[in-house]
Amino acid sequence: MTYVDAYLQSKVIGADGLELIMMLYDRAILSLNIAKDSIMKDMDEPELVKKKAVELGRATEILLYLNSILDRQRGGQIAENLSLIYTTLTDELVRANIFNDVEIISKCIEILNNLRSAWEDVKKQLKETRNESGKAVAEAV
């Protein structure tokens with residue numbers, strides 16, 4: 001195991017649920033950027049075609065996983081909306097792979113960046129709520 005692998009493993013082990021979701025978004029976005037760069041370089045080169053397909057496949061797998069872990073009971077309409085977004089993005093990535101369409105990939109990256117930012121906001125709000133609860137308990141003591 002390399003130092004990078006050990007670092008990544010410790011980061012994942014120490015992460016909470018929201019951090020893991022954001023890591024998945026980060027990896028999907030990275031994969032989409034690699035795929036987009038591969039398309040823009042040269043689709044006549046077999047290695048770049050392979051790299052594009054592998055990275056689009058990786059991003060698709062992440063989206064399918066994110067869709068599968070949605071809690072539709074507790075998540076209600078938000079979970080349904082996320083499911084629709086993940087399904088649509090998955091379909092779009094298939095089209096991007098077939099047609100080598102960097103515009104589709106760019107739009108998917110933008111959507112994932114927006115979703116990641118929303119999760120980041122949720123994490124900040126939860127942290128603020130916990131801090132305020134802790135202050136209230138400390139003041140009561």
Side-chain angles (χ1 to χ4, degrees), residues 1-140:
M1 180 181 295
T2 67
Y3 291 115
V4 173
D5 292 337
Y7 168 76
L8 290 174
Q9 184 178 15
S10 69
K11 190 172 177 182
V12 168
I13 290 170
D16 64 26
L18 283 174
E19 289 170 333
L20 290 172
I21 289 171
M22 289 187 293
M23 286 180 194
L24 288 168
Y25 278 109
D26 289 341
R27 184 57 181 133
I29 292 165
L30 175 63
S31 290
L32 293 178
N33 278 313
I34 293 169
K36 186 170 89 169
D37 289 345
S38 296
I39 293 170
M40 292 169 59
K41 284 181 182 172
D42 185 6
M43 281 293 89
D44 290 332
E45 190 175 319
E47 279 302 309
L48 290 174
V49 172
K50 180 181 177 183
K51 183 186 271 190
K52 172 207 69 161
V54 166
E55 295 300 335
L56 287 175
R58 183 171 288 134
T60 300
E61 286 177 17
I62 291 169
L63 290 169
L64 291 170
Y65 176 74
L66 287 168
N67 196 25
S68 74
I69 64 170
L70 288 171
D71 186 342
R72 287 167 174 79
Q73 294 284 335
R74 294 186 332 181
Q77 191 61 48
I78 292 172
E80 290 304 319
N81 291 344
L82 282 171
S83 179
L84 179 60
I85 291 168
Y86 295 150
T87 301
T88 302
L89 289 175
T90 300
D91 293 344
E92 288 298 296
L93 292 181
V94 170
R95 284 189 36 214
N97 194 21
I98 293 169
F99 297 110
N100 295 322
D101 194 326
V102 294
E103 187 175 321
I104 290 173
I105 296 172
S106 294
K107 288 178 183 177
C108 291
I109 291 169
E110 182 180 351
I111 291 166
L112 289 174
N113 275 322
N114 290 336
L115 288 171
R116 192 204 183 284
S117 293
W119 283 110
E120 185 75 36
D121 291 343
V122 167
K123 182 177 176 168
K124 287 177 187 174
Q125 289 174 353
L126 285 173
K127 187 175 181 180
E128 289 172 9
T129 301
R130 288 182 189 138
N131 286 342
E132 290 174 16
S133 296
K135 287 179 187 176
V137 169
E139 290 172 1

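Residues: numbered from 1 along the sequence shown.
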I need the [X] [atom1] to [Y] [atom2] distance, nearest 0.5 Å.
X: Asn113; Y: Glu110; atom1: CG; atom2: CD; answer: 8.0 Å
X: Asp91; Y: Arg95; atom1: CG; atom2: CZ; answer: 9.5 Å
X: Leu63; Y: Leu82; atom1: CG; atom2: CG; answer: 11.0 Å
X: Glu61; Y: Ser31; atom1: CD; atom2: OG; answer: 9.5 Å
X: Ile85; Y: Glu80; atom1: CD1; atom2: CD; answer: 11.5 Å

Could you list the residues that satisfy side-chain contact (heavy atoms from CB on, under 4.5 Å) with Leu66, not counting sequence neighbours?
Ile21, Leu24, Tyr25, Ile62, Ile69, Tyr86

Non-neighbouring partners of [X] that pass side-chain hydrogen bond (donor to acceptor under 3.5 Å, both in side chains), sequence neighbours left out:
X: Asn33; answer: none
X: Asp101; answer: none
X: Asn97; answer: Lys52
X: Lys127; answer: none

If we only count heavy atoms from C-beta on, is the [X] to [Y] side-chain gap below 4.5 Å?
X: Leu89; Y: Thr60; result: no
X: Leu20; Y: Met23; result: yes
X: Leu93; Y: Leu32; result: yes

Looking at [X] and [Y], does any basic side-chain N land under 4.0 Å from a carboxylate oxygen?
X: Glu128; Y: Lys123; result: no
X: Lys107; Y: Glu103; result: yes
X: Arg58; Y: Glu55; result: yes

Keeping to residues at least two apart or across chains, list the side chain to side chain donor-acceptor pair (under 3.5 Å) pairs with something in residues 34-49.
Lys36-Ser106

Glu92 and Cys108: which non-hydrogen atoms are nearest, and at how many Å?
CB-SG, 4.0 Å

Closest heavy-atom pair, Ile105 versus Ala96, reported as atoms and distance to 0.1 Å, is CG1-CB, 3.7 Å

What do the steps show when you test Gln125 against Asp121 for side-chain hydrogen bond (donor to acceptor under 3.5 Å, both in side chains), and what is the final call?
CA-CA 6 Å; Gln125 289 174 353; Asp121 291 343; over 6 Å; no

Atom CD1 of Ile78: over 12 foreign heavy atoms under 6.0 Å:
no

So Met43 and Ile39, side chain to side chain contact (heavy atoms under 4.5 Å, CB included) or not? Walk me through it.
CA-CA 6 Å; Met43 281 293 89; Ile39 293 170; 4.1 Å; yes

